[in-house]
Amino acid sequence: MLRTLLSPRIVGLHLLTAVVLVAFILLGRWQLGVFQDSGKPHASSDPAPVAAGTLAPLGPQVKGDAVGRRVTAEGVYDPGRQLLVADRRPDVDAPGGKVSRDHGYWVLTPLRLDDGTLMPVVRGWSASADDPAVAAVPEGRVTVSGRLRPQQGTDSVQRRAERLPAGQVQTVSTGELVNLWTGQKVRTGFVVAQPPSGSLTQVKVQPPVVGGTLTWRNLAYAANWWIFAGFAVFMWFHFVRDAVRSDRDRAKSPEMALEG
């Protein structure tokens, strides 16, 4: 049997089967990877900027397809109502609250639009509440460009045990802003200014992201390649078994002739 398994033609079969098996397994893994990647969120098209008021309503939530959209807003800043969002990093997707304690502040200033409503604007980020750039609110009519973000839930961060100083909040929550900016109509969500105001640091904000759609066809392709790999093993076993049986029969035939 060992002589048969090590014969040149069977060794060639071993090598061919090994190559085919590795190739089919790798092809299956590739198709599986394509299937897995298809379900991941990815950046969508980045449409031209639109007026923030068209996507940031009064009352209802910002729609999912509006999140991350480029917007513009024209109006006048209201520096008397400016707030600092405490314990924040210069990235809207970075965790806030206790995990980012003392890392810095978002500078949140309301922009009064032509219709009298307030559009919350994160003008930028500062490491210190005493940074002169925080108080340097642009005067007069301005045009702000940036990306729209939905409001944050008041329970979206782990809050400090002690109260924040006056003029600071932990989240950009429309409900909380309505209570702080009394008597004002506040639009839902907020704009992250791009570029930032003055010498403030840019707060990183991602373009619109859409959920992926799983391509089940690629999963079927992966299964097919692995089935082919299994079939290659079956055929290898079949040919090797037949070769061993054939050699055994040839080895026995002279002995059978002598006995006859």
Q: Search all heavy atoms of A222 against all heavy atoms of G28 and return the closest pair with its distance.
A: CB-O, 3.3 Å
Q. Under the 3.5 angstrom rule, does the side chain of Q170 hit a backbone N or O of L164 as a donor-acceptor pair?
A. no
Q | Nearest heavy-atom neighbours spanning L200 and P196 | A | O-CG, 3.3 Å
Q. Donor-acceptor pair, Q202 side chain versus A193 backbone, under 3.5 Å?
A. yes
Q. Does the side chain of Y77 reach to within under 4.5 Å of the side chain of Q82, using non-hydrogen atoms?
A. no
Q. Has the side chain of S100 got a donor or acceptor atom that lies under 3.5 Å from a matching backbone atom of P95?
A. yes
Q) What distance separates R89 CZ from K204 NZ, expressed to the nearest 0.5 Å? A) 13.0 Å
Q) Does Q151 use its side chain to pair, donor to acceptor, with the backbone of T174 at less than 3.5 Å? A) yes
(Q) Test your reading of the model: is there a side-chain donor-acceptor pair from R123 to the backbone of V134, 3.5 Å cut-off? (A) yes
Q.
Test question: given the 4.5 Å side-chain rule for I, L, V, M, F, W and Y, name all other residues clustered with L118, or answer none.
A. L83, V85, V92, W106, L108, V122, W125, V169, V172, L177, V178, L180, W181, V186, F190, V192, V203, V205
Q: State, yes or no, whether a side-chain contact exists between R149 and V67 at a heavy-atom distance under 4.5 Å.
A: yes
Q.
Please find the pair of heavy atoms, one from D102 and one from R160, that lie closest to each other, and give the distance.
A. OD1-NH2, 3.6 Å
Q | Greater than 12 external heavy atoms within 6.0 Å of R141's CZ | A | yes
Q: Considering non-hydrogen atoms only, spot the tightest contact between I25 and A229 and give its length.
A: CG1-CB, 4.4 Å
(Q) When you group the ILVMFWY residues by side-chain heavy-atom contacts below 4.5 Å and let the links chain together, are V19 and L26 in the same group? (A) no
Q: Decide side-chain contact (heavy atoms from CB on, under 4.5 Å) for L113 and R187; before the verdict, give the C-alpha distance in whole Å, the side-chain angles of both, and the deciding distance to 0.1 Å.
A: CA-CA 10 Å; L113 306 181; R187 291 190 173 272; 3.6 Å; yes
Q.
Quick check against the 3.5 Å criterion: does T188 have a side-chain atom that pairs as donor or acceptor with the backbone of P60?
A. yes
**Q.** Rounded distance [0.5 Å steps], CH2 in W226 versus CG in L32
**A.** 4.5 Å
(Q) With a 4.5 Å cut-off on side-chain heavy-atom distances among I, L, V, M, F, W and Y, is there a chain of contacts connecting I227 to Y221? (A) no
Q | Donor-acceptor pair, side chain of R88 and main chain of V107, under 3.5 angstrom | A | no
**Q.** W236: side-chain hydrogen bond (donor to acceptor under 3.5 Å, both in side chains) partners, not counting sequence neighbours
**A.** H14
Q. Going from OG1 on T201 to OH on Y105, what distance comes out if it is rounded to the nearest 0.5 angstrom?
A. 14.0 Å
**Q.** A129 versus Q168, closest heavy-atom pair with distance
**A.** CB-NE2, 4.5 Å
Q) Taking atom CH2 of W225 and atom CG of L27, what is their separation to the nearest 0.5 Å? A) 5.0 Å
Q | Interatomic spacing from CG in L148 to OG1 in T72 - rounded to 0.5 Å | A | 11.5 Å
Q: Please round to the nearest 0.5 Å and tell me the distance separating atom OG1 of T117 and atom CZ of R112.
A: 8.5 Å
Q.
According to a hydrophobic-cluster definition based on side-chain heavy atoms being under 4.5 Å apart (Ile, Leu, Val, Met, Phe, Trp, Tyr only), do V121 and V137 belong together?
A. yes
Q | Common cluster, V22/V20, ILVMFWY with side-chain heavy-atom separation under 4.5 Å | A | no
Q. Can you check whether R159 reaches T154 side chain to side chain, under 4.5 Å on heavy atoms?
A. yes
Q | Side-chain H-bond candidate by donor/acceptor type, Q194 with R70, under 3.5 Å | A | no
Q. What closest approach, in Å, do M119 and A52 show between heavy atoms, and which atom pair accounts for it?
A. SD-CB, 4.1 Å
